Amino acid sequence: MTETRLRFPPSPTGYLHIGGARTALFNWLYAKKTGGKLILRIEDTDTERSTQDSIQGILDGLNWLGIDWDEGPYFQTEFSTDHLAAANQMLAEGKAYKCFCTKEELEARKEAAMAAKQEMGYNGACRNLTPEQVAEKESAGLPFVIRFKVPERNGMLGYDDKVLGRIEHSYNEVDDFVIVRSNGKPLYLLCNVVDDIRDRITHVLRGQDHMTNTTRQVLLYEALGAPMPVFAHMPLTLDLKKAKISKRSHGEIVAVHFYKEHGFIPWAFCNFLVLLGWSPGDDTEIFSREELIEAFTLERINKSNSIFNYRKGDEKFFTDPKAIAINEQYLRTMDIGEIGDMVQKVLEKEGLWNAAYAGEKKEWYLHTLALIRDRFHTLNDFATLGRAYFADDFQVEQKPLEKNLLKFPDLKEWLPLLADRYQALEQFTTEETERVAKELAEEKEVKPGVIVNGMRTVVTGQLAGPSMYDILMTLGRDKVVQRLRNVNRFFQQAD
RNA sequence: GUCCCCAUCGUCUAGUCAGGUCCAGGACAUCGGCCUUUCACGCCGACAACACCGGUUCAAAUCCGGUUGGGGACGCCA
């Protein structure tokens, strides 16, 4: 059994988007599963559109997702000698020919065909030029492209797709396609095959949008005398309107970096992506890296396209609800130390990080994260909704401000009074703070909720949160007393 | 216009190859309830789908044919 070798060959014409990320992930999973290798190859033959920025963006995206590769990145443009050699070989063997049709001619023919509602492929005008005719046109300095000469055969042309089954076309359906441009630069269809042969790729796992390319590439493998890899075409990811997701029409929401910036846990996002077009066959949905590698198979890739369930302008769900749900699931079940490392980056970015959190206050830090993580959706929430735990300059949300504070003007007096009593407490514990708060409520003849919710508002700025007395302990007496005493500022602001 | 692929709850999907165990299971979302002096978590429950028409069969989500619908490709892009 030879080693399995897969590749991820992005074209650097934009950031890494979720479709590409999912393709990379599937290839990576299968390589890991089979103990094979993953090769990263940047297909930059479209020099017009390729940019350095997008190469970096793709690398960053893969790194963030945790998708690593064993070889590369190779750059396709560095192998144009190979590509051209293959083209010349086929030319010499009569498997390809020079075509002198101009772009204008082709376009005119295509438009005429469109108008007449007829087939619009290449008509083979230059296919049967005699050597003399070719020499004549060449000496006249006419530019030419090299086309592959699709054999005239009766049988069917096809391949066995690992997910779709047998795919077939009759030979005459396939037009002679261009493999080298008139400027001498080789084209994707050729480069891709030549590179896959050189890189000894055994499995080509890519989107269904490549199916017709595969049909033509099968011909190339045959003409080049190379063994064919296993092909597997994955379903596409569409939007709610069933349109292919694209950078152009969807923007940032389909970019991998969007999820990085919005506080997703990388593996949680991979977990979401893999479920788009694949399932393990049982009800498992949450996988560790090892579990997923173990469970993954090509055969269980779905045939039908899936929809990335994103609604523009949705107030509650800024992206696919399932992606958020999976992220939440990881957020509250992952090892707290790992969460701590990820939250550190967020806090650092927001200027909330304190070196002591990694030192003498580490226990406090992790305990606090564990206390508040249940209610959060993303890592960023620790710095926004959870800001009061790490800084004093937190905002008080409008809703609790009105509902829990301004509605009860007496709190202006009561909370500072509570602060005094907390200050005087011999033991600052959950039991004691609770007892004192309840006493105060009784004394003022209000429900304890009035005191508790007022306190929560002033101390955390939030309508909701963990148990009040746990919050008090985490924050510590000093901060609590200070925030309670300061309650006046909210009433002044409101006036 | 031609060719290719696909079709189960709103979404992701199990079940289809080897027809009966499926008046279709799970998850997300939604809605109720329990828990909670907040909000979540957790737990319990509800809502909700085999695109359509034929055929084969004792029996069809599952096999066959057609229809409709959706997607992809048809570049000197990748």
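Everything numeric here is computed off the predicted structure, so don't read it as measured data. Proteins come first, then strands; the chains are lettered A, B, ... in the order of their sequence lines, and each starts at number 1.
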Does the side chain of [X] get closer than 4.0 angstrom to OP1 or OP2 of [N] through an N or O atom?
X        : N     : answer
A:Asn302 : B:A14 : yes
A:Arg311 : B:A29 : no
A:Thr212 : B:C4  : no
A:Arg216 : B:C74 : no
A:Lys244 : B:A73 : yes
A:Ser279 : B:A14 : yes
A:Lys303 : B:G71 : no

When all nucleic acid strands are considered with a 4.0 Å heavy-atom cut-off, which category describes [X]: base, sugar-phosphate, or nothing?
X        : answer
A:Arg332 : sugar-phosphate
A:Arg300 : sugar-phosphate
A:Pro321 : sugar-phosphate
A:Phe317 : sugar-phosphate
A:Gly281 : sugar-phosphate
A:Leu276 : sugar-phosphate
A:Gly207 : nothing
A:Pro280 : nothing
A:Lys185 : nothing
A:Gln462 : nothing
A:Thr13  : nothing
A:Glu285 : base
A:Val178 : sugar-phosphate

Tell me, please, whether A:Phe79 has A:Arg198 positioned over its six-membered ring: NZ or CZ under 6.0 Å from the ring centre and within 45 degrees of its axis?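 Yes.
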Should the pair A:Arg22 and A:Phe26 be classed as cation-pi, given the thresholds of under 6.0 Å to the six-membered ring centre and 45° from the axis?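 That pair qualifies as a cation-pi contact.
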[M] and [N], which share atom name [atom1], separated by this distance in whole Å:
N     : M     : atom1 : result
B:C12 : B:U30 : C1'   : 16 Å
B:A27 : B:U21 : C1'   : 23 Å
B:A40 : B:G32 : P     : 12 Å
B:G70 : B:C52 : C1'   : 15 Å
B:G19 : B:A61 : P     : 14 Å
B:G55 : B:A60 : C1'   : 11 Å
B:C43 : B:G26 : P     : 14 Å
B:U68 : B:A29 : P     : 39 Å

Is there a donor N/O on one and an acceptor N/O on the other, under 3.5 Å, for the side chain of [X] and the base of [N]?
X        : N     : value
A:Lys322 : B:A27 : yes
A:Asn309 : B:A29 : no
A:Ser182 : B:C76 : yes

Of A:Lys149, A:Arg127, A:Lys98, which is the lone residue that meets salt bridge (charged side-chain N to carboxylate O under 4.0 Å, His left out) with A:Asp176?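 Single salt bridge (charged side-chain N to carboxylate O under 4.0 Å, His left out) partner of A:Asp176 among A:Lys149, A:Arg127, A:Lys98: A:Arg127.
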On the 0 to 90° scale, with breaks at 30° and 60°, tag the A:Tyr221-A:Phe231 ring pair as parallel, tilted or perpendicular.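 Taking A:Phe231 first and then A:Tyr221, their aromatic rings stand perpendicular (interplane angle over 60°).
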Parallel, tilted or perpendicular: which describes the rings of A:Tyr259 and A:Phe264, with under 30° parallel and over 60° perpendicular?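 Geometry flag for A:Phe264 against A:Tyr259: perpendicular rings.
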If you check the [X] side chain, which of [options] turns out closest?
X        : options             : value
A:His169 : B:G72, B:C4, B:C6   : B:C4
A:Asp374 : B:C5, B:A40, B:A78  : B:A40
A:Val452 : B:C77, B:U37, B:U38 : B:U37
A:Lys242 : B:C74, B:C28, B:G70 : B:G70
A:Met211 : B:C3, B:C5, B:A78   : B:C5
A:Leu164 : B:U30, B:C6, B:C3   : B:C6

Got a donor-acceptor contact below 3.5 angstrom from the [X] side chain to the [Y] backbone?
X        : Y        : answer
A:Asp239 : A:Tyr310 : no
A:Asp381 : A:His377 : yes
A:Tyr15  : A:Val256 : no

Rounded to the nearest angstrom, tell me the gap between atom [atom1] in [X] and atom [atom2] in [N].
X        : N     : atom1 : atom2 : value
A:Ile167 : B:C5  : CD1   : P     : 5 Å
A:Lys403 : B:U38 : NZ    : P     : 10 Å
A:Lys241 : B:U11 : NZ    : P     : 15 Å
A:Arg166 : B:C4  : CZ    : C1'   : 14 Å
A:Asp283 : B:A14 : CG    : C1'   : 7 Å
A:Tyr171 : B:C3  : OH    : P     : 19 Å
A:Lys103 : B:G75 : NZ    : C1'   : 10 Å
A:Glu328 : B:C41 : CD    : P     : 7 Å

When both hydrogen-bonding distances must be under 3.5 Å and the geometry is Watson-Crick or G-U wobble, what is [N] paired with, if anything?
N     : value
B:A40 : none
B:C3  : B:G72
B:C63 : B:G55
B:G45 : B:C31

Residue pair A:Thr214 / A:Arg206, side-chain donor-acceptor N/O under 3.5 Å: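 Yes, A:Arg206 and A:Thr214 have a side-chain donor paired with an acceptor closer than 3.5 Å.
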Report the residue (A:Lys438 or A:Ser11) whose heavy-atom-nearest nucleotide on RNA chain B is the more 5′ of the two.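 Mapping each residue to its closest nucleotide by heavy atoms, the 5'-most match is A:Lys438.
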Give a yes/no verdict on base stacking between B:G72 and A:His210: centres under 5.5 Å, planes within less than 30° of parallel.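 A:His210 vs B:G72: stacking no.
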Taking the six-membered ring for Trp and the single ring otherwise, decide whether the centroids of A:Phe8 and A:Trp28 are under 6.0 Å apart.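 No: the rings miss the under 6.0 Å criterion.
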